[in-house]
Participant: 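Below are the structure tokens for one structure; questions will follow.
What you see below is based on every heavy atom in this structure, not just the backbone, and it leaves out hydrogens, waters and symmetry mates. Naming convention: chains lettered A, B, ... in sequence-line order (proteins, then strands); numbering from 1 in each chain.
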Amino acid sequence: MSESPPEEGYDHAAVERRWQEAWDETDAYRTPDDATDPTYVLGMYPYPSGQLHMGHVRNYTITDAYARYRRMCGDSVLHPMGWDAFGLPAENAAKERDTNPRDWTLDCIETMRGQMESMGFGYDWDREVTTCTPDYYKWNQWLFERFSEEGLVEREAAEVNWCPNCETVLADEQVEGDDERCWRCGTPVEQRELDQWFLKITEYADELVDGLDDLEGWPDSVRQMQRNWIGRQEGARVSFDVSGRGEVEAFTTRLDTIHGATFFALAPDHPISEELAAADDDVRRFLEEEADPDGDEPNGVATDLTATNPATGEEVPVFVADFVLSDVGTGALMGVPGHDDRDHAFAEKMGVDIVPVVAPAPADGEADDGEPTPPDVSDAAYTDDGVLVNSGEYDGLASAEARERLTAAIDSAESHVQYRLRDWGISRQRYWGTPIPVVHCDDCGPVLVPEAELPVELPEFVNTTGNPLDAAEEWKRTTCPDCGGEAVRETDTMDTFVDSSWYFLRYVSPDLGDAPFDVDRANDWMPVEQYVGGIEHAVMHLLYARFVTKVVADMEMLEHREPFERLLAQGMVQLDGEKMSKSKGNVVSPQRIVDEYGADTARLFMMQAAQPERDFDWSEEGVRSTYRFLTRLKRTVEAFDADAADASGVDPDDPVAAYVDGEVDAAVAVATEEYDTLTFNTALREAQGLVSTLRNYREHADGVDDAVFRRGLTVAVRLLAPVAPHLCETLHEELGGEGFVVDADWPASDADVETAERRRRLVENTRGDVRNIVDVAGIDEPERVDVVVAPDWKHRALEIALDSDAPNLVGELMGHDEIREHGDAAADYGKDLQAEREALTPALSPDAEYDALTAAAWLVEREFDAPVRVLRADEADDSVARKAEPGRPAIDIAE
RNA sequence: GCGAGGGUGGCCGAGCCUGGCCAAAGGCGGCGGACUUAAGAUCCGCUCUCUCAGGAGUUCGAGGGUUCGAAUCCCUUCCCUCGCACCA
């Protein structure tokens, strides 16, 4: 299948096949039921479209790498996978291919599972969950019934998109274009009122929004999106007495502006508007011809009604206006043109009075003479809070206080919290979903199917227009569980978001026959510690899952009220800055990449390309570079003689080995921190840097210390193993490791990252300086390079300077004998320190500098092909040595 | 309009939380060299400008500020992406 590897790579196909089989044979990724509090790592399960795409690969590589990392750290890990297997695409595919959704879906799952295996994702397949199986959707039905018992299910009429040709409801996304046509047949979509089943998520609106504050492991963006979506508004309801119609309620968040309410407006479909239309030609014409709720212009029509402002007692005109929406608030509002932009525009258009009743609060410094100046609202509304004016006895009150007092004072006013969130309509007039477990009886109405009769299974698929369940006459006909009379089954199925709102609980006990999940185990294993998926689910899925978790908790089946502790919304994989999509034809197939370069390369490239939450561009060059890196690594390990004498410990007299050993520690320390926070890109950079260091070491030092080199390779392999597991298994074996690298211990390091970085910097700066000198001075062939470490007293002086807060640093330094004895040199250095005082940073000790430079000398020797001497200050000529400073050795190059 | 995130050298991308060691990691691309019959692979070096032995100048969307010192902190402004929106 794969062509010969590009360039001279390694045989990734053989490596990957071998380890996938080995893992499989040993059930390497099994999480036993008796695991105690495993770390639960989860990627959002996919819709089985039949093809794994790059988004999936990225998503699941993130969870896989993290799961493997935690496992190497010694955790027991739960990392399952399943299928969001219901949904309309399968119905369409089945019709096109003359098969049925079930077979089609199961085929797709088969294919995708194979692709996941070829990516090397370490899932516990024994916990696989497939939502379209009766074993699973039975529990959707069961939960629906429990919800019903809790009073959280409601059946009511709702407006839906209806295609008269296909005879089915369409989701909003399936209505195309401004002229709203059916995506499948192009028929104009109608609105139709249908009886629909709802789950009362609004009962949990407060907890859902308040709980966001504590979800510190979630990105702010997602939390904000959920807040917006729930749209909690605190305000007041207040009634205006409308002539001949009684009290009409309006909702407002600005009751403080009620004295400026100079008109009242009704939604076009408000009952009063509809009544008026029957008698009033103007209103009828407006409703039929002019009203345009989608337009930008606020349009309206005057009525012959007036409303009494309960605060002022004044009669104000009543309009029917298209910017008043019946599904917002009460479908009626008080118009305050002085303090609301839209009301202002409307009042200008209709010639209504505009009265300012809130003035800007006097700034702190300003003299408070008790007479705030009303703002000029003739051109624009003043929409901020402030101090009341023109409001009778409320004048002078701050807006917030005025709202409270007015709410208390006005009879018809009461505090009210309003939400944008609507109850969750779960009815779908489609075949490929969970049948809603209800029977309709002429006498008893809708009746739940008894629990013992669950699941209500789907009948055979019938290729028909409209809802196949409606056409399944035999299936439909049943008897009423209550009275035994003739009855018909509910033909609606559930929204597939119902399936996904609890699937993470099913993984805990996927085969359990008498409950959706094992309560004790779920209490121990939940919540999901790290959840990873696309941002497109920020609201719907993630909100529904939170809702269902809370309800289940209230049914005393779970001790957790939030399902996902930490959430990562992973970025997109793009090509040339554009989202990959079939329609643009810019899709890079993961399969092709796996064939050509292997799964390890694909995974490693993706993880090092960018932080997981950021979008990044796919780059074929980057992939090749990654592939070459793996190839190099493999060769490096192979070249290392695994049977080399097992020297124990580091030879303390070999500074180069000590240096490399220190680099190994540093890499571990840095990479571990980064793995913890899922910043794989920087962790991997460290691992790759370590491999370069090791290669340089072997190539150019006078013989390597086997123990150090072995440890370096072992560490590099382990740091890379979570991301490139197949090759790392091979290398682990090559290095004589026991068992799987999957089960190996994460390397430990007691390295001080600070010191390691200081050392690196010293070496880098020194090398840079040598280059600089050679370059600037035009030295062609250096004969010898001397690197001289600053004398102890300068280090001491720096230490003193760092601690000192004396105004005269030179004076303070001269108070120390060991410094003063260096006379002018000490004074000069003291002045330098004084000048740089604020910028001083600690340096390594003289010995540490000496060791670090000695260890790195070979780097310079190799580069300039000249012998390097690292000297202590007292070993060098004073004319050179005196230029040395801590962190900045003196350099002398002989031509 | 409101809210969130982002703008870094030819490109991608670290750094920004916790200011100084930042002309700014790493990769890609480009240039030069080693190896090679050659190409590829591999390895070494260079890749903002000037330079008199490690120096100087200009740079991190733009402008201003704080500070001895700003890619990093604060304000203003422009641009991009995303979410919400006649929401009362």
Participant: Parallel, tilted or perpendicular: which fits the ring planes of A/Phe263 and A/Phe346, with parallel below 30° and perpendicular above 60°?
Facilitator: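 Taking A/Phe346 first and then A/Phe263, their aromatic rings sit tilted (interplane angle of 30° to 60°).
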Participant: Do the charged groups of A/Asp213 and A/Arg223 touch, with an N to O distance under 4.0 Å?
Facilitator: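 Salt bridge between A/Asp213 and A/Arg223, a charged N being under 4.0 Å from a carboxylate O: no.
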Participant: Give one of base, sugar-phosphate or nothing for A/Asn765, where a contact means two heavy atoms less than 4.0 Å apart.
Facilitator: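 The residue A/Asn765 makes sugar-phosphate contact but no base contact.
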Participant: Quick test: give all pairs of protein nitrogen or oxygen and nucleotides 46-50 of chain B nitrogen or oxygen below 3.5 Å, distance rounded to 0.1 Å.
Facilitator:
none

Participant: Could you check whether A/Lys634 makes a cation-pi contact with A/Tyr10, meaning its NZ or CZ is under 6.0 Å from the centre of the six-membered ring and within 45° of the ring axis?
Facilitator: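 Ring-cation test returns no.
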Participant: Kindly point out which of B/G54, B/C21, B/A88 is positioned nearest to the side chain of A/Thr841?
Facilitator: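 From the listed options, B/C21 comes nearest.
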Participant: Would you say a side-chain N or O of A/Gln233 is under 4.0 Å from OP1 or OP2 of B/A88?
Facilitator: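 Yes, such a contact exists.
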Participant: Rounded to whole Å, how long is the line connecting atom CZ of A/Arg628 with atom P of B/C28?
Facilitator: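 The distance from CZ of A/Arg628 to P of B/C28 comes to 6 Å, rounded to the nearest Å.
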Participant: Heavy atoms under 4.0 Å, any strand shown: does A/Leu325 hit a base, just sugar-phosphate, or nothing?
Facilitator: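 It contacts base atoms.
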Participant: Check every strand shown and say whether A/Val324 touches a base, only sugar-phosphate, or nothing at a heavy-atom separation below 4.0 Å.
Facilitator: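 Base contact.
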Participant: Taking only side-chain nitrogens and oxygens of A/Arg614, does any of them come within less than 4.0 Å of OP1 or OP2 of B/A14?
Facilitator: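 For B/A14, OP1/OP2 do have a side-chain N/O of A/Arg614 under 4.0 Å.
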Participant: Grab the CZ-C1' distance between A/Arg698 and B/U42 for me, whole Å please.
Facilitator: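 After rounding, the gap between these two atoms is 11 Å.
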Participant: Does B/C43 have OP1 or OP2 under 4.0 Å away from a side-chain N or O of A/Arg695?
Facilitator: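 Answer yes for this pair, as a side-chain N or O of A/Arg695 is under 4.0 Å from OP1 or OP2.
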Participant: Please tell me if A/Arg342 has a side-chain N or O lying less than 4.0 Å from either OP1 or OP2 of B/G1.
Facilitator: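 No, because none of the side-chain N or O atoms of A/Arg342 sits under 4.0 Å from OP1 or OP2 of B/G1.
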Participant: Would you indicate which nucleotide in B/C87, B/G27, B/A85 comes nearest to any side-chain atom of A/Ser625?
Facilitator: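 Shortest atom-to-atom distance from the side chain points to B/G27.
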Participant: When we call it a touch if two heavy atoms are under 4.0 Å apart, what does A/Asp615 touch: a base, just sugar-phosphate, or nothing?
Facilitator: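 Sugar-phosphate: the residue A/Asp615, judged by heavy atoms under 4.0 Å, touches backbone atoms but no base.
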Participant: Is there a side-chain polar atom (N or O) of A/Arg237 under 4.0 Å from OP1 or OP2 of B/A88?
Facilitator: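 The answer is no; no side-chain N or O of A/Arg237 sits under 4.0 Å from OP1 or OP2.
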Participant: State plainly whether the residues A/Asp769 and A/Arg888 are in salt-bridge range, i.e. N to O under 4.0 Å.
Facilitator: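 A salt bridge is present here (some side-chain N lies under 4.0 Å from a carboxylate O).
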Participant: Atom CE of A/Met225 and atom P of B/G83: how far apart are they, to the nearest Å?
Facilitator: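 To the nearest whole Å, that distance equals 7 Å.
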Participant: So what does A/Ser221 touch, heavy atoms closer than 4.0 Å: a base, only the sugar-phosphate, or nothing?
Facilitator: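 Answer is sugar-phosphate: A/Ser221 comes under 4.0 Å of backbone atoms only.
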Participant: Nearest to the A/Arg767 side chain among B/G45, B/U42, B/A53, which nucleotide is it?
Facilitator: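 Selected nucleotide (nearest to the side chain): B/G45.
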Participant: Side-chain donor or acceptor of A/Asn772 under 3.5 Å from a matching atom on the base of B/G54?
Facilitator: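 Looking at the base of B/G54, it does not pair with any donor or acceptor on the side chain of A/Asn772 (distance under 3.5 Å).
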Participant: Just checking, any donor-acceptor pair under 3.5 angstrom between side chains of A/Gln688 and A/Arg685?
Facilitator: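 Note: A/Gln688 and A/Arg685 side chains miss the donor-acceptor criterion.
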Participant: Using the C1' atom on both, measure B/G7 against B/G63 and round to a whole Å.
Facilitator: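 Those two atoms are separated by 16 Å.
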Participant: Would you say the side chain of A/Arg761 and the base of B/C21 hold a donor-acceptor pair, judged only by whether the two atoms sit under 3.5 Å apart?
Facilitator: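 Such a pair exists between side chain and base.
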Participant: Measuring to OP1 and OP2 of B/G54, would you say a side-chain N or O of A/Arg888 lies under 4.0 angstrom away?
Facilitator: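 Answer no for this pair, as no side-chain N or O of A/Arg888 is under 4.0 Å from OP1 or OP2.
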Participant: Distances for protein N/O vs nucleotides 68-73 of chain B N/O pairs under 3.5 angstrom?
Facilitator:
| from | atom 1 | to | atom 2 | distance (Å) |
| --- | --- | --- | --- | --- |
| B/C68 | N4 | A/Glu838 | OE1 | 3.4 |

Participant: From C-beta outward on A/Glu621, which listed nucleotide comes closest to its side chain: B/G29, B/C43, B/G26?
Facilitator: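 Out of B/G29, B/C43, B/G26, the nucleotide with an atom closest to A/Glu621's side chain is B/G29.
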Participant: Under a 4.0 Å N-O cut-off, is there an ion pair linking A/Arg761 with A/Glu764?
Facilitator: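 Between A/Glu764 and A/Arg761 there is no salt bridge, as every charged N stays at least 4.0 Å from the carboxylate O atoms.
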Participant: Which part of the nucleic acid does A/Ala609 contact within heavy-atom distance under 4.0 Å: base, sugar-phosphate only, or nothing?
Facilitator: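 Answer is sugar-phosphate: A/Ala609 comes under 4.0 Å of backbone atoms only.
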Participant: Measure the distance from CZ on A/Phe616 to P on B/A14 and round it to the nearest whole Å.
Facilitator: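 After rounding, the gap between these two atoms is 11 Å.
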Participant: Tell me whether the side-chain N/O atoms of A/Arg685 come closer than 4.0 Å to OP1 or OP2 in B/C12.
Facilitator: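 Negative; the distance criterion is not met.
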